[in-house]
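Contents: one structure, followed by commentary.
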Amino acid sequence: QVQLVESGGTSMQAGGSLRLSCAASTYVKGCMGWFRQSPRKEREGVALIDPEGYTYYDDSVKGRFTISKDNAKNTLYLQMNNLKPEDTAMYYCAATSGGMCYFQSSLMDYWGKGTLVTISS
């Protein structure tokens, strides 16, 4: 069982930068990623990183967000730049026990409780 704990969410103005962190209780062999959910919207995938380090991004964040992980610290990061009001959401860290990466929340095995990001214009 893997436990995931997110941190770093806050309220800020548009145009700024923020880094989210996700501490895992143990090394994750599979895919790790960030999903987000805002009111009245379904949870959506934001960025994924596979065990080899390949990264995948939703079109809405390409060029602005960067996902990375530090295997020595069992920690996943999401660097978010040029934040926009539409980035406002609860951000969740997720992981699989193995297999490939897909932007489908139903395929993730482990979830954190989320960290809230609020961007004002």
Side-chain angles (χ1 to χ4, degrees):
Q1 191 76 7
V2 178
Q3 274 129 23
L4 303 172
V5 179
E6 305 94 335
S7 62
T10 190
S11 298
M12 62 188 304
Q13 289 198 322
S17 296
L18 188 63
R19 188 176 81 160
L20 304 182
S21 299
C22 170
S25 58
T26 187
Y27 175 71
V28 175
K29 298 179 181 179
C31 177
M32 294 191 76
W34 292 94
F35 289 72
R36 66 186 180 187
Q37 187 168 18
S38 53
R40 298 177 297 279
K41 290 184 70 176
E42 291 187 0
R43 191 171 296 189
E44 61 178 2
V46 174
L48 301 169
I49 185 165
D50 72 14
E52 287 73 40
Y54 289 101
T55 57
Y56 309 88
Y57 297 95
D58 184 76
D59 287 344
S60 65
V61 305
K62 276 181 184 175
R64 299 189 300 122
F65 290 11
T66 302
I67 189 171
S68 62
K69 62 180 179 177
D70 184 331
N71 289 328
K73 296 182 178 179
N74 293 332
T75 301
L76 180 73
Y77 302 101
L78 184 68
Q79 177 67 43
M80 305 187 292
N81 297 329
N82 189 22
L83 283 159
K84 304 176 181 180
E86 51 263 42
D87 295 317
T88 294
M90 184 72 80
Y91 282 73
Y92 298 91
C93 176
T96 66
S97 55
M100 298 181 67
C101 284
Y102 295 99
F103 279 117
Q104 293 185 32
S105 56
S106 61
L107 297 180
M108 308 306 281
D109 298 308
Y110 309 106
W111 289 90
K113 293 184 179 180
T115 186
L116 182 62
V117 174
T118 304
I119 308 299
S120 58
S121 57

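Between the CG atom of Leu107 and the OG1 atom of Thr96 there is a distance of 9.0 Å, given to the nearest 0.5 Å. The OG atom of Ser38 lies 11.0 Å from the CE atom of Met90; values are rounded to the nearest 0.5 Å.
Pairs of residues two or more places apart, or lying in two chains, that qualify as side-chain hydrogen bond (donor to acceptor under 3.5 Å, both in side chains) and include a residue from residues 108-121 are Ser97-Asp109. Within the structure, salt bridge (Lys or Arg N to Asp or Glu O under 4.0 Å) contacts touching residues 17-30 (residues at least two apart or in different chains) do not occur. Applying the side-chain hydrogen bond (donor to acceptor under 3.5 Å, both in side chains) test to residues at least two apart or on different chains, the pairs with a partner in residues 47-61 are Arg36-Ser60, Asp50-Tyr56, Asp58-Ser60, Asp59-Lys62. Pairs engaging residues 40-88 under the disulfide bond (SG atoms under 2.5 Å apart) rule: none recorded [sequence neighbours left out]. Residue pairs that meet the disulfide bond (SG atoms under 2.5 Å apart) test with at least one member in residues 21-58, sequence neighbours left out, are Cys22-Cys93, Cys31-Cys101.
Note: the hydrophobic cluster containing Leu18 also contains Trp34 (ILVMFWY, side chain heavy atoms under 4.5 Å, direct or indirect links). Linking ILVMFWY residues whenever their side-chain heavy atoms come closer than 4.5 Å, directly or via other members, leaves Val61 and Met108 in distinct clusters. With hydrophobic clusters built from ILVMFWY side chains whose heavy atoms lie under 4.5 angstrom apart, Tyr91 does not share a cluster with Leu48. Phe35 and Phe65 sit in two unconnected hydrophobic clusters of ILVMFWY residues. Membership requires side-chain heavy atoms under 4.5 Å apart, directly or through other members.
By the ring-ring contact (aromatic ring centres under 6.0 Å, His included) test, Tyr92 is found to be paired with no residue, residues two or more places apart in sequence or in another chain being considered. Qualifying salt bridge (Lys or Arg N to Asp or Glu O under 4.0 Å) partners for Arg64, counting only residues two or more places apart in sequence or in other chains: Asp87. Under the side chain to side chain donor-acceptor pair (under 3.5 Å) criterion, Gln79 pairs with Asn81, sequence neighbours left out.
Closest heavy-atom contact between Gly33 and Ile67: CA-CD1, 4.0 Å. Summarising the geometry of Ala95 relative to Val28, their closest heavy-atom pair is CB-CG1, 3.8 Å, with the distance given to 0.1 Å.
When side chains are defined from C-beta on, Leu20 does not count as touching Glu6, because their heavy atoms never get closer than 4.5 Å. Under the 4.5 Å side-chain criterion, counting only non-hydrogen atoms from C-beta, Met12 is in contact with Ile119.
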Please tabulate, for the side chains in residues 70-78, all donor-acceptor contacts under 3.5 angstrom to protein atoms that are two or more places apart in sequence or on a different chain.
unit_1	atom_1	unit_2	atom_2	d
Asp70	OD1	Ala72	N	3.0
Asp70	OD1	Lys73	N	3.2
Thr75	OG1	Lys73	O	2.9

